[in-house]
Amino acid sequence: VQLQACGGGLVQAGDSLRLSCVASERSFSLYAMGWFRQVSGQEREFVAAVDRTGIYSYYGVAADSRVTITREKDATTTYLEINALEPEDTAVYYCAADPTYNKGRTAFRYWGHGTQVTVSS
């Protein structure tokens, strides 16, 4: 099983970015999918998660009003949009998936490789 995150890169402060995460297996359309980030030298932290329908989602303290997770119903792709990027958003962003969706849950079973987001001031 693979989760492929992409869409990162070097951007300017104030820009917007949309990260994508695609699961390699169709079965993941039934799974919750989420995003985490890891700032250099810090612990990985939870950003957001969404259920299989794309209707229900929740966010961690690492996310503010600039961050939105989206997903179409039963899709194997989820997106993380970050608006008005700040240098503090610089991190490696990881996507993850889990068979269970529980609001507030941050333990995910499957992980993808991260995508680097670097925001220059």
Side-chain angles (χ1 to χ4, degrees):
V1 175
Q2 290 187 340
L3 294 168
Q4 183 65 51
C6 62
L10 175 62
V11 295
Q12 298 286 325
D15 287 349
S16 296
L17 199 65
R18 188 174 80 160
L19 306 179
S20 302
C21 174
V22 181
S24 61
E25 294 189 5
R26 186 61 198 167
S27 60
F28 274 61
S29 66
L30 306 178
Y31 287 21
M33 297 183 77
W35 288 94
F36 291 73
R37 72 176 191 179
Q38 187 166 21
V39 177
S40 180
Q42 298 183 19
E43 298 283 322
R44 186 166 56 192
E45 55 186 348
F46 172 74
V47 178
V50 63
D51 77 330
R52 58 175 287 191
T53 70
I55 296 173
Y56 301 101
S57 60
Y58 55 96
Y59 295 84
V61 296
D64 57 24
S65 60
R66 302 178 296 116
V67 177
T68 305
I69 188 170
T70 57
R71 179 185 188 181
E72 294 186 5
K73 183 179 182 295
D74 293 340
T76 56
T77 304
T78 185
Y79 304 95
L80 188 74
E81 298 184 49
I82 311 173
N83 297 316
L85 282 155
E86 303 170 350
E88 292 72 24
D89 296 317
T90 296
V92 178
Y93 287 76
Y94 297 89
C95 66
D98 195 89
T100 302
Y101 175 85
N102 281 319
K103 186 174 181 178
R105 189 167 185 264
T106 60
F108 282 70
R109 183 178 301 182
Y110 303 100
W111 290 86
H113 296 292
T115 184
Q116 174 73 48
V117 173
T118 303
V119 184
S120 64
S121 57

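Excluded from the calculations below are hydrogen atoms, water molecules and symmetry mates; all remaining heavy atoms, backbone and side chain alike, are included. Remember, predicted model here, so these are calculated numbers, not experimental data.
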key: Pair listing, ring pair (Phe, Tyr, Trp, His ring centres under 6.0 Å) test, anchored in residues 71-94, at least two apart   =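 Every candidate ring pair (Phe, Tyr, Trp, His ring centres under 6.0 Å) pair involving residues 71-94 fails, so no pair, neighbours aside, qualifies.
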
Looking only at heavy atoms, what is the nearest atom pair of [X] and [Y], with distance?
{"X": "Ser57", "Y": "Ile69", "result": "CB-CG2, 3.8 Å"}
{"X": "Ala62", "Y": "Val47", "result": "CB-CG2, 4.3 Å"}
{"X": "Phe108", "Y": "Ala32", "result": "CE2-O, 4.1 Å"}

task = Treating Ile, Leu, Val, Met, Phe, Trp and Tyr as nodes and any side-chain heavy-atom pair under 4.5 angstrom as an edge, say whether Tyr110 and Leu30 lie in one connected cluster.
result =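 Yes, it is one cluster - the side chains of Tyr110 and Leu30 are joined through contacts under 4.5 Å.
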
query = Is there a path of hydrophobic side-chain contacts, each under 4.5 Å between heavy atoms of I, L, V, M, F, W or Y residues, that connects Val117 with Tyr59?
reply =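 Same cluster: Val117 reaches Tyr59 through Ile, Leu, Val, Met, Phe, Trp or Tyr contacts under 4.5 Å.
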
ask   = Is the backbone N or O of Asp51 less than 3.5 Å from a side-chain atom of Arg71, with the two atoms forming a donor-acceptor pair by type?
value =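 A pair under 3.5 Å: yes.
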
ask   = Would you find a donor on one side and an acceptor on the other, under 3.5 Å apart, between the side chain of Thr78 and the backbone of Thr70?
value =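 It does hold such a pair.
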
inquiry  = Show me the pairs that pass salt bridge (Lys or Arg N to Asp or Glu O under 4.0 Å) and involve residues 53-64, at least two apart or across chains.
reply    =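 Qualifying pairs: Asp64-Arg66.
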
request  = Please list all pairs passing the salt bridge (Lys or Arg N to Asp or Glu O under 4.0 Å) test where one or both residues lie in residues 97-118, with sequence neighbours left out.
outcome  =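 Of all non-adjacent pairs touching residues 97-118, those that pass salt bridge (Lys or Arg N to Asp or Glu O under 4.0 Å) are Asp98-Arg105.
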
inquiry  = Taking side-chain hydrogen bond (donor to acceptor under 3.5 Å, both in side chains) as the definition, give me every residue that meets it alongside Ser120, ordered by chain and number, with sequence neighbours left out.
reply    =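 Counting only residues at least two positions away or on another chain, Ser120 forms a side-chain hydrogen bond (donor to acceptor under 3.5 Å, both in side chains) with Gln12.
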
key: Test side-chain hydrogen bond (donor to acceptor under 3.5 Å, both in side chains) applied to Thr100 - qualifying residues, sequence neighbours left out   =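 None.
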
ask   = What residues form a ring pair (Phe, Tyr, Trp, His ring centres under 6.0 Å) with Tyr58, not counting sequence neighbours?
value =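 Only Phe46, Tyr101 meet the ring pair (Phe, Tyr, Trp, His ring centres under 6.0 Å) criterion with Tyr58.
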
task = Keeping to residues at least two apart or across chains, list the disulfide bond (SG atoms under 2.5 Å apart) pairs with something in residues 27-121.
result =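 Listed once each, the pairs are Cys21-Cys95.
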
inquiry  = Show every disulfide bond (SG atoms under 2.5 Å apart) that has at least one partner inside residues 51-94, sequence neighbours left out.
reply    =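 Applying disulfide bond (SG atoms under 2.5 Å apart) to every pair that reaches into residues 51-94, excluding sequence neighbours, yields nothing.
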
Contacts of type salt bridge (charged side-chain N to carboxylate O under 4.0 Å, His left out), residue Arg52, not counting sequence neighbours =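 With neighbours one apart ignored, the set is Asp74.
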
ask   = CZ of Arg26 to OG1 of Thr76: how many Å apart, nearest 0.5 Å?
value =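 Those atoms lie 5.5 Å apart.
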
request  = Find the distance between CD (Glu88) and OG (Ser121) and round it off to the nearest 0.5 Å.
outcome  =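 Separation between the atoms: 9.0 Å.
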
Would you call [X] and [Y] a side-chain contact if the rule is heavy atoms closer than 4.5 Å?
{"X": "Glu86", "Y": "Val119", "result": "no"}
{"X": "Trp111", "Y": "Arg44", "result": "yes"}
{"X": "Val67", "Y": "Leu80", "result": "yes"}

request  = With sequence neighbours left out, write down each residue that passes side-chain contact (heavy atoms from CB on, under 4.5 Å) with Gln116, or none if nothing qualifies.
outcome  =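 Partners of Gln116 by the side-chain contact (heavy atoms from CB on, under 4.5 Å) criterion, ordered by chain and then number, come out as Thr90, Val92, Thr118.
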
key: With Ser16 via side-chain contact (heavy atoms from CB on, under 4.5 Å) - residues at least two apart   =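 By the side-chain contact (heavy atoms from CB on, under 4.5 Å) rule, Ser16 matches Asn83.
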
Using residues 35-43 as the side-chain source, report each donor-acceptor pair under 3.5 Å to any protein atom, sequence neighbours left out, with the distance given to one decimal.
from	atom 1	to	atom 2	distance (Å)
Arg37	NE	Glu45	OE2	2.8
Arg37	NH2	Glu45	OE2	3.3
Gln38	NE2	Gln42	O	3.0

